[in-house]
Number of protein chains: 2
Amino acid sequence: MSKKLDQATQTLKTPRSRRSNGNGLSSTTIMDVAREAGVSYATVSRVVNNKEYVKSDTRERVLKAITSLGYVVNQQARSLAGGRSYAVGLLVRDLGSSYMGEIVKGIDDALSAAQYNLMLYTTHRRKIKERIYVNNLIQGMTDGLLLVLPENLEAYLETLDQTQFPYVLIDHQGLDERTPVVITTNWQGGYDATRYLIELGHRRIGFITGMMDMLSSQDRLSGYQAALRDHGLPVDPQLVYEGTFYQPGGYSGAQSLLRLPEPPTAIFASNDVMAFGVMEAVRDAGLRIPSDISVIGFDNIAQASQVAPPLTTVAQPLEQLGREAVRMLLVRMNNPEQPIERSILPTTLIIRQSCDVPRNV
Amino acid sequence: MSKKLDQATQTLKTPRSRRSNGNGLSSTTIMDVAREAGVSYATVSRVVNNKEYVKSDTRERVLKAITSLGYVVNQQARSLAGGRSYAVGLLVRDLGSSYMGEIVKGIDDALSAAQYNLMLYTTHRRKIKERIYVNNLIQGMTDGLLLVLPENLEAYLETLDQTQFPYVLIDHQGLDERTPVVITTNWQGGYDATRYLIELGHRRIGFITGMMDMLSSQDRLSGYQAALRDHGLPVDPQLVYEGTFYQPGGYSGAQSLLRLPEPPTAIFASNDVMAFGVMEAVRDAGLRIPSDISVIGFDNIAQASQVAPPLTTVAQPLEQLGREAVRMLLVRMNNPEQPIERSILPTTLIIRQSCDVPRNV
DNA sequence: TTTATTTATGCAAACGCTTACAGAAAAAGA
DNA sequence: TCTTTTTCTGTAAGCGTTTGCATAAATAAA
């Protein structure tokens, strides 16, 4: 009580119109808290930002005032004054897939743990938008940028690098070794799945690629080819169908593979969604999985364990991909001098029931 | 030329540290543009905000300076000064489903057309988070809030209303008639699909519900029941299975329905994802679609047309739902006095190939 | 004790913008 | 030509913070 400063000491200059954040009630500011706690606004700021040099009982008094008034810092003001917005931009193509869903979940968890906000930008595959967004973002809207499967990186990666704006690519190899990325062992995943099929006894294994302009697609294919070679099997281009990462691609790919004079006994699709298409095509052809044809996917999305038979697939740690990207981004944001990291997370073969020994062996 | 003000007139007070938005290059401000165009910063602001009373050649000069300097307004500063953040918050459960994906696409398109940014908040069904977010958001981070399928509305709707913070609920009925919402005709959709099956000749129609704590689930069920009643068919509770909106719910629901002493000849699932589960269960039971069992879904997600046979379903205009919500929100934001709207978008029955005349008629 | 340090706190300026207000310039009336 | 009105432009204040600097209080050293 006695310590409380005279209320008059900190008279607010009459404000233009007692700020009312665009809507109803006026929000409590750092000044209100200061008055309530009987300290200066600078001290409140120090408490809020966990700065040193605040006496512990002062700190508590301020904290109490904060809760009692329900004070929340105004990010825009903080950003303007301090140069950080406490927001991170996320640039994605779209959000409909559980692939994206899981990555975003990881990002989101890690980010909110670090008290950051997330600004979402979806390009819907319109190339122009990417560049526009990136320009906006680095103009102070966000402190960092996360790009999932960016499409025309060349158009703005240079800008990003020049301005030293912190960013991390997710599931994209970047343009060179100096790009900070989080990726998975696509090659190894392709290799492992193929080897598994070979070890089951398969000799003719069909492969449905993803979009071939993506390095991850190329890597999965190379892994597949390497496994064949390592086991002395021929690499037959007839067995490779160029897919799209979407379900119809898997369906038509399987149809075309099954129509071959000497059809494969197993089909490896470059993602789960296409594997579902494969499963449908196989069934429509009157064949059974896995007795007639083995099917294997890539990604291990949630649905993979729910279809019948449950899909054997190569798990990508998608959620962890997001989490790791955030970790790296925070490091870069707080420590621009740190050398650039590239994080490679391991894929794992998840064996379920969609693969079996080939019929005629 | 002669009109150009002396450059010295507008000397910047030496800034603390030539702002460099947290990273590398320093960004151009309204002052830089003003100097370049030979006008005051207020005029630049007027041009940027499309205010009246700016001579057209001045405007052009400013515009030229803006492009030549690559100036982008600093949203935080604008927000602090003007009380609007030009950002809208979006609160969702998760993003993995194409249901969400389409709604978000609609939102996103409409919002970026209106030059707004999107702040994303995912709750992952943790109830506490919703309230925390809402509190943060209304503290000036955003100008409005969009809530898709909110879970414990009671916890914060009052706060929202009291502070007069603009918001719109998507695919949720709200607490009463005074809540602004965008919903679809769930009851009618349930009715239409059921009537369609009845008109095909089905007499025993199984129904798999969504999560029953959601009004939309209840409405679809009522629509189903009403259609049965209107056509003089019994409403057999045995034929109703309580699902979850997730695929396994559809699978086990169908299994249980098919095991009935007198199984249905058609199954109506409350969403497409569950309908896929139904299709699997039907196949696993050695039955064919649609010859043995007709299947019908709800939502019309992209996959519905890609499965085999293509799924007959009730289309919800999801993307439009998002678009419409944004439209309503913008109206509320710019015009708080406007009476509250409730927008009800029509569902449509999309007939594909998963339904047929029942076998034994 | 007195002085030198260290720890706490307050003041003021700055962040980049919007906007009320006032004054200048241009247009319209007399 | 001289007012009056309208259109334009500039000045200044303020939005809610952070933070350098100065000063006060507390502690340690002398």
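Just so we're on the same page: letters track the sequence lines, and every chain starts at 1.
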Undergrad: Hey, are A:Arg35 and A:Asp32 close enough for a salt bridge, meaning a charged N less than 4.0 Å from a carboxylate O?
TA: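 Result for this pair is yes, salt bridge flagged.
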Undergrad: What is the distance, rounded to the nearest whole Å, between atom CG of A:Leu80 and atom P of D:dG16?
TA: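 It works out to 12 Å between those atoms.
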Undergrad: Which listed nucleotide (C:dG10, C:dT19, C:dG16) is nearest to the side chain of B:Ala42?
TA: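 Of C:dG10, C:dT19, C:dG16, C:dT19 is nearest to the side chain of B:Ala42.
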Undergrad: Select one nucleotide: of D:dT17, D:dT19, C:dT18, the one nearest the side-chain heavy atoms of A:Ile30.
TA: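 Side chain of A:Ile30 sits closest to D:dT17.
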Undergrad: State whether A:Ser45 places a side-chain N or O below 4.0 Å from either non-bridging phosphate oxygen (OP1 or OP2) of D:dT19.
TA: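 Looking at the OP1 and OP2 atoms of D:dT19, neither is under 4.0 Å from any side-chain N or O of A:Ser45.
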Undergrad: Measure the distance from OH on A:Tyr41 to P on C:dA14 and round it to the nearest whole Å.
TA: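 Result: 13 Å.
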Undergrad: Assess whether atom CD of B:Glu154 is packed by more than 12 heavy atoms of other residues, nucleotides or ligands within 6.0 Å.
TA: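 Count over threshold, so yes.
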Undergrad: Return yes if some donor-acceptor pair links the side-chain N/O of A:Arg342 with the main-chain N/O of A:Thr179 below 3.5 Å, else return no.
TA: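 Present.
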Undergrad: Salt bridge or not for B:Asp94 and A:Lys105, using N-O below 4.0 Å?
TA: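 A:Lys105 and B:Asp94: not salt-bridged.
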Undergrad: Starting from P on C:dG16, measure out to CE on A:Met141 and report it in whole angstrom.
TA: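 Between P of C:dG16 and CE of A:Met141: 15 Å.
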Undergrad: DNA chain D: B:Val54 or B:Ala77, which has the more 5' nearest nucleotide?
TA: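 Between the two, 5'-proximity favours B:Val54.
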Undergrad: Reckon A:Tyr71 has a side-chain N or O less than 4.0 Å from the OP1 or OP2 of D:dT17?
TA: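 Result: yes.
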Undergrad: Reckon A:Thr43 touches a base, only the sugar-phosphate, or nothing at all at heavy-atom distances under 4.0 Å?
TA: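 Counting heavy atoms under 4.0 Å across all strands, the contact made by A:Thr43 is with sugar-phosphate only.
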Undergrad: Can you figure out which of C:dA8, C:dT19, C:dC17 approaches the side chain of B:Val73 most closely?
TA: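 Nearest nucleotide to the side chain: C:dC17.
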Undergrad: Taking only the side-chain nitrogens and oxygens of B:Thr58, find out if one of them lies under 4.0 Å from OP1 or OP2 of D:dT9.
TA: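 Yes, because at least one side-chain N or O of B:Thr58 sits under 4.0 Å from OP1 or OP2 of D:dT9.
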Undergrad: Taking the side chain from A:Asn335 and the backbone from A:Val331, do they hold a donor-acceptor pair closer than 3.5 Å?
TA: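 Not confirmed, A:Asn335 side chain does not pair with A:Val331 backbone.
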Undergrad: Check the distance between C:dT9's C1' and A:Lys55's NZ and give it to me in whole angstrom.
TA: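 A:Lys55 atom NZ is separated from C:dT9 atom C1' by 9 Å.
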Undergrad: At less than 4.0 Å, is any side-chain N or O atom of A:Asn49 found next to OP1 or OP2 of D:dT18? Yes or no.
TA: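 Answer is yes, contact under 4.0 Å.
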Undergrad: Report yes if at least one side-chain N or O of B:Thr29 is closer than 4.0 Å to OP1 or OP2 of C:dG16; otherwise report no.
TA: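 No.
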Undergrad: Between D:dT7, D:dG10, D:dT17, which nucleotide has the shortest distance from any of its atoms to the side chain of B:Ser40?
TA: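 Of all the options, the side chain of B:Ser40 is nearest to D:dG10.
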Undergrad: Measure CZ/A:Arg84 against C1'/C:dG16 and give the value in whole Å, please.
TA: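 Going from A:Arg84 (CZ) to C:dG16 (C1'), I get 19 Å.
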Undergrad: Figure out the CD/P separation between B:Gln76 and C:dC17, and round it to whole Å.
TA: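 So the CD-P distance, B:Gln76 to C:dC17, works out to 10 Å.
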Undergrad: Quickly work out the B:Arg46 CZ to C:dC21 P distance and round it to whole Å.
TA: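 So the CZ-P distance, B:Arg46 to C:dC21, works out to 14 Å.
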Undergrad: Rounded to whole angstroms, how far apart are CZ on B:Arg78 and C1' on D:dG14?
TA: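 These atoms are roughly 17 Å apart.
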